[in-house]
Amino acid sequence: MAARELITEPYAVFGHPISHSLSPRIHNLFAKQTGQSNMTYTAIDVPGQCFDQALTKFYQQGGKGLNCTVPLKELAFKRADHLSERARRCGAVNTLVFREDGQIDADNTDGIGLLRDLTHNLKIQINKQKLLILGAGGATRGILESLLTEQPEQIVIANRTVSKATKLAELFSDLGEVTGCGYDDLKAQRFDIVVNATAASLHGQLPPLPDTLLAEDACCYDLAYSVQPTPFVSWGNQYGAAVSTDGIGMLVEQAAEAFLIWRGIRPETMPLINDSRLKQG
Ligand SMILES: NC(=O)c1ccc[n+]([C@@H]2O[C@H](COP(=O)([O-])OP(=O)(O)OC[C@H]3O[C@@H](n4cnc5c(N)ncnc54)[C@H](OP(=O)(O)O)[C@@H]3O)[C@@H](O)[C@H]2O)c1
């Protein structure tokens, strides 16, 4: 009897640029770990103007699901037929699932990914704590709802462009105590958890932070990650944070959530997070 042919189920990450993406490595390791040998996962460079066409082509070629990263998360949101509750408020999605009839389900797993890394992996308590988020871009929008579900005492969003911080705070104010401000307003304040969601680390920069920002035993968490400590992780260590870490854990956890949505099984994340070779690509 002829061996039954294995039908491959393709997944991919779309983005532009995409060559730096760690997602193929992460998902291929998840697939191996969970015995999903019929799953493939590749990175495909898709500029914004080619998104619709590339999406249709991927589906017609048998594509089962997609991750979308910069600059496509908002376009993917618009293209989705069915949005999860958390994705609706984010205005951006990173995980798509193709239904049999071609309709697209969409979710945003960034917030749950950060929350899981903070609370489950790092054992950081968010409930009743004072949180500061630096930056008011897409990443902040994606993590606010998940952080607010833990009922922190307050969340302050500080941003270079102050109006973006106050607008975002208003958008989520029904879920808890959230305010927006500029960096100058941080001088007399102390925070238990500071999350850097700016793009500053990507350019080797640090937002202008007062030296007295951290409460005792504070946690500093940079959404960005790199082989060497990011400027913000170094800043946290310098000013006495009990934990100062980058966002590799969030990256792996948001991928695990996407994998769960696609394959119905949650992979082990700690072996990847603890493997320093992952960041080296
Ligand atoms: N670990 C993960 O899984 C994960 C997931 C998502 C995102 N991220 C990371 O999160 C970061 C933000 O991504 P994003 O999508 O939110 O970007 P974005 O939408 O472009 O927003 C960038 C934000 O950074 C601020 N900013 C940029 N350069 C700055 C500087 N030199 N000093 C102070 N503020 C600066 C901007 O302020 P203005 O509004 O004033 O311009 C804006 O608030 C990136 O590093 C990204 O790689 C990580």
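Atoms within each ligand, like the ligands themselves, are counted from 1 in listed order.
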Trainee: Of the choices Leu209, Leu168, Thr161, which has the non-hydrogen atom that lies closest to atom 38 (P) of ligand 1?
Mentor: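 That would be Thr161.
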
Trainee: Do me a favour and list the nearest non-hydrogen protein atom to atom 19 (O) of ligand 1 with residue, atom name and distance?
Mentor: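 So the nearest neighbour among protein heavy atoms is Gly138 N, 3.0 Å.
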
Trainee: Starting from atom 8 (N) of ligand 1, which protein heavy atom do you reach first, and at what distance in Å?
Mentor: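 Among all protein heavy atoms, the one nearest atom 8 (N) of ligand 1 is Leu223 CB, 4.0 Å.
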
Trainee: Relative to ligand 1, is Leu251 under 4.0 angstrom through side chain, backbone, both or neither, heavy atoms considered?
Mentor: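 Within the 4.0 Å criterion, Leu251 contacts ligand 1 through backbone and side-chain atoms alike.
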
Trainee: Among all protein heavy atoms in this structure, tell me which lies nearest to atom 13 (O) of ligand 1, with the distance rounded to 0.1 Å.
Mentor: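 Answer for atom 13 (O) of ligand 1: Ala139 CB, 3.8 Å.
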
Trainee: Heavy-atom distance from atom 17 (O) of ligand 1 to the protein below 4.0 Å?
Mentor: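 No, no protein heavy atom sits under 4.0 Å from atom 17 (O) of ligand 1.
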
Trainee: Have a look at Thr198, Asn108, Asp110 and point out the one with the heavy atom closest to atom 6 (C) of ligand 1.
Mentor: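 Ranked by closest heavy atom to atom 6 (C) of ligand 1, first place is Asp110.
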
Trainee: If you have a sec, work out which protein heavy atom is nearest atom 5 (C) of ligand 1 and how many Å separate them, to one decimal?
Mentor: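 Result: Met250 CE, 3.6 Å.
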
Trainee: Looking only at distances, please establish whether an N/O atom of ligand 1 is found under 3.5 Å from an N/O atom of Ala199.
Mentor: yes

Trainee: In terms of side-chain geometry, is the basic nitrogen of Arg277 or Asp275 positioned less than 4.0 Å from the acidic oxygen of its partner?
Mentor: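 Yes, charged N to carboxylate O under 4.0 Å.
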
Trainee: What protein heavy atom lies closest to atom 46 (C) of ligand 1? Include the residue and the distance to one decimal.
Mentor: Leu202 CD1, 4.6 Å

Trainee: Starting from Tyr11 and following side-chain heavy-atom contacts under 4.5 Å between hydrophobic residues (I, L, V, M, F, W, Y), which residues can be reached?
Mentor: Val13, Ile18, Leu22, Ile26, Leu29, Phe30, Met39, Tyr41, Val97, Tyr225, Ile248, Leu251, Val252, Phe259, Ile261, Trp262, Ile265, Met270, Leu272, Ile273, Leu278

Trainee: At what distance, to the nearest 0.5 angstrom, does CG of Asn28 lie from OG of Ser23?
Mentor: 10.5 Å

Trainee: In terms of atom number and element, which parts of ligand 1 are under 4.0 angstrom from non-hydrogen atoms of Gly247?
Mentor: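 This gives 1 (N) as the contact atoms.
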
Trainee: Have a look at ligand 1 and work out which part of Ala197, if any, has a heavy atom under 4.0 Å from it: side chain, backbone, both or neither.
Mentor: backbone

Trainee: Which of the listed options, Lys164, Gln205, Arg160, holds the heavy atom that is closest to atom 26 (N) of ligand 1?
Mentor: Arg160

Trainee: Show the atoms of ligand 1 that are less than 4.0 angstrom away from any heavy atom in Ala224.
Mentor: 45 (O)

Trainee: Parallel, tilted or perpendicular: which one describes the rings of Phe51 and Phe14, with boundaries at 30° and 60°?
Mentor: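 Judged by the thresholds at 30° and 60°, the geometry between Phe51 and Phe14 is perpendicular.
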
